[in-house]
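Treat the numbers as computed from the prediction; the structure is a model and nothing was measured. In this chain, numbering begins with 1 at the start of the sequence shown.
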Amino acid sequence: MPIEATFAHPQNPFGELGQPLNREKSIGQISVKADTESATTLIPIEDAYPDGGLRAWLVVLGCFLYACTVFGWGLNWGVLQDYYHTTMFPNTSLSVLGTIIGLANFVSLMLVKRITDPNPNGFQQKMIAISCSLAYLCLLASAFATKVYQLFLFQGCLLGLSQGIGMPLYFSLCSQWFLKRRGLATGIAVSGSGIGGGIETLLMRQLIVKIGYRNTMLTFSSVHAVIWIFAWFLLKERLAPGLNPTAKKRWLPKKITGSFCSVALSMFFGVFGYLPPYYLSATFTRQMVTTLDSNSLLVTVPLIVMNFCLGIGRITAGRLADIFGATNMFFCSFFIGGLLQMVFWTFARSYATIMVFSILNGLIGSWFMSLLPVVCAKLFGVEGLSTITGFMILANSPGQFVGTTIAAVVLSSSGNNWTAVSLYSGSMQIMGALCILYARFHKERSIFVKV
């Protein structure tokens, strides 16, 4: 018996086919009609999502593994940058080397806006396969790089292009399977960036010292390929209830609202201050604690700890978002993260205080990225979630591109004054926190409400 299902969001009182629904009965429900019956069955939204089960959690595991290797690679850049600056290219400034990862981030984020919504033909999984294949070739080619321009090509532009094809898909797949526990599921998946970043940072530092740069990159590219193949078979797409896979795809939502601009501006400003502590951690530790051997693992331990704490923090953020609201926790991430940099990082001059800052910044200062798809789903609904999330990720591309480069320029222009760096970086995160307030209070004016 053919079934027609129409879904209505609180923000969208019309079904996917454009027919108005009864607001008093249909908001928060799926209206299911059989063509041979006149009666309409209303199904709660909660029943339309698995919200658990083996298949759903396997998808989360697959996204977690991709985050470990794709996003974790970016957080591992601090080790490579420090190695390039001290060993391979000692005459190249930090601002130039920082532009390599900035270029990779910028190119990848320029692509995410056009990745379309889920469809039943396996579109997302095909794009992920293409993304991983190209990324493997880039990592493999970079093993043989001997010039800075070759790093710009293989670890910058082309790697960013490869990762950008699949990046928004890792963010949005979990939202197709979860509703009540969407924050937790997304937090677990994206926490892989911190956990993977910590593991890769630990391994990268040891391997470069023991087997050299080329063999290290060959090892990393091979391990990444094996993990990507395994993770790909764990993924499964699921069409969100009520969405029409044949509907015209859009670059932007049907209506640009103040809340949309509020979230976009928050991402735009906040990310300028997000990455400097990660990319400059090894250099900062080496310069502040001069008694450490430059080849010692202790130089990168703060970065390793920060990455692991980032993973733990994102899982915690997902749970806190389910309890207190994703938008509330999104604000706290930027605001508290900014204060930590302006107050704590400014006065961190011993190894112990650097470690404490690394722990706190990792646990709190990076929640916003894992909460972004949940915030978008909360404010704008799941229709077009992949495209909306992609646009929000695109909004942070300038900060990803030149945020760390500006920090390096501030450092050199101020006579190696790290206080100037921490104040610049922290103030940008505070700005990101202030920008999200419009969307937060436009949704709900009361302070003590889950949003």
Side-chain angles (χ1 to χ4, degrees), residues 65-92 94 96-108 129-167 192-232 275 278-283 294-297 299-300 303-304 307 400 404:
L65 292 175
Y66 278 115
C68 281
T69 48
V70 176
F71 302 128
W73 169 261
L75 294 175
N76 175 48
W77 177 257
V79 175
L80 280 175
Q81 179 176 267
D82 189 60
Y83 179 78
Y84 292 149
H85 184 58
T86 58
T87 306
M88 286 185 67
F89 311 106
N91 296 324
T92 305
L94 280 174
V96 173
L97 293 173
T99 307
I100 297 174
I101 190 65
L103 178 62
N105 293 335
F106 181 77
V107 173
S108 65
I130 294 172
S131 171
C132 293
S133 299
L134 295 176
Y136 166 72
L137 294 176
C138 290
L139 292 176
L140 186 64
S142 68
F144 301 94
T146 57
K147 305 292 184 181
V148 175
Y149 79 85
Q150 294 170 344
L151 295 179
F152 269 93
L153 180 63
F154 294 117
Q155 291 185 357
C157 182
L158 295 181
L159 183 62
L161 178 68
S162 305
Q163 293 178 344
I165 294 173
M167 183 177 293
S193 59
I195 296 173
I199 295 174
E200 291 200 357
T201 301
L202 177 63
L203 295 177
M204 176 72 75
R205 185 73 183 187
Q206 293 299 295
L207 289 177
I208 283 183
V209 173
K210 293 181 178 180
I211 65 176
Y213 171 78
R214 177 170 297 180
N215 290 331
T216 298
M217 290 304 303
L218 291 174
T219 301
F220 264 68
S221 60
S222 300
V223 171
H224 280 197
V226 172
I227 294 175
W228 288 338
I229 292 172
F230 175 72
W232 190 83
L275 291 174
Y278 290 89
Y279 291 164
L280 299 177
S281 174
T283 303
S294 60
N295 292 323
S296 172
L297 180 63
V299 174
T300 56
L303 177 59
I304 295 170
N307 282 331
Q400 295 268 6
T404 303

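At distances below 3.5 Å, not a single donor-acceptor pair connects side-chain atoms of Ser193 with backbone N or O atoms of Cys68. Ser221 places no side-chain N or O within 3.5 Å of a backbone atom of Leu139 that could act as its donor or acceptor partner. Not one N or O on the side chain of Gln81 forms a donor-acceptor pair closer than 3.5 Å with the backbone of Trp77. Without hydrogens or angle criteria, Tyr278 side chain to Leu303 main chain gives no donor-acceptor distance under 3.5 Å.
Counting heavy atoms from C-beta outward, Thr69 and Glu200 have side chains that approach closer than 4.5 Å. Under the 4.5 Å side-chain criterion, counting only non-hydrogen atoms from C-beta, Ile208 is not in contact with Thr87. Counting heavy atoms from C-beta on, the side chains of Leu134 and Ile165 come closer than 4.5 Å. At least one side-chain heavy atom of Phe220 sits under 4.5 Å from a side-chain heavy atom of Leu203. Using a 4.5 Å heavy-atom cutoff, the side chains of Leu207 and Asn215 are not in contact. Within the 4.5 Å cutoff, side-chain heavy atoms of Tyr213 are placed close to those of Leu80.
A distance of 5.0 Å separates OG1 of Thr86 from CG of Asp82, quoted to the nearest 0.5 Å. Interatomic distance, Leu275 CG to Leu280 CG, rounded to the nearest 0.5 Å: 9.5 Å. Note that NE2 of His85 is 9.5 Å distant from CG of Asn91, once rounded to the nearest 0.5 Å. A distance of 12.5 Å separates SG in Cys157 from CD1 in Ile100, rounded to the nearest 0.5 Å. With values rounded to the nearest 0.5 angstrom, Thr216 atom OG1 is found 11.5 Å from Arg205 atom CZ. Atom OG1 of residue Thr146 and atom CZ of residue Arg214 lie 8.0 Å apart, to the nearest 0.5 angstrom.
Looking at every heavy atom in both residues, Val107 comes nearest to Gly160 through CG1-C, 3.9 Å. Across Ser131 and Gln163, no two heavy atoms sit closer than the pair OG-CA, 3.9 Å. Scanning both residues, Leu151 and Ala145, for their nearest heavy atoms gives CD2-CB, 3.8 Å.
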From CA spacing to verdict: side-chain contact (heavy atoms from CB on, under 4.5 Å), Thr283, Leu94:
CA-CA 9 Å; Thr283 303; Leu94 280 174; 3.9 Å; yes
Stepwise side-chain contact (heavy atoms from CB on, under 4.5 Å) test for Phe71 and Tyr66
CA-CA 8 Å; Phe71 302 128; Tyr66 278 115; over 6 Å; no
I would like to know whether Tyr83 and Met88 meet side-chain contact (heavy atoms from CB on, under 4.5 Å); could you show each step before the answer?
CA-CA 7 Å; Tyr83 179 78; Met88 286 185 67; 3.4 Å; yes
Decide side-chain contact (heavy atoms from CB on, under 4.5 Å) for Leu297 and Val209; before the verdict, give the C-alpha distance in whole Å, the side-chain angles of both, and the deciding distance to 0.1 Å.
CA-CA 10 Å; Leu297 180 63; Val209 173; over 6 Å; no
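Each of Tyr279, Phe152, Tyr84 was checked for a side chain to side chain contact (heavy atoms under 4.5 Å, CB included) with Leu97, and the lone residue meeting it is Tyr84. Shown are Thr201, Leu202, Asn76; of these, the side chain to side chain contact (heavy atoms under 4.5 Å, CB included) with Asn307 is made only by Thr201.
Crowding of Phe144 atom CZ: a count of heavy atoms from other residues, nucleotides or ligands under 6.0 Å exceeding 12.
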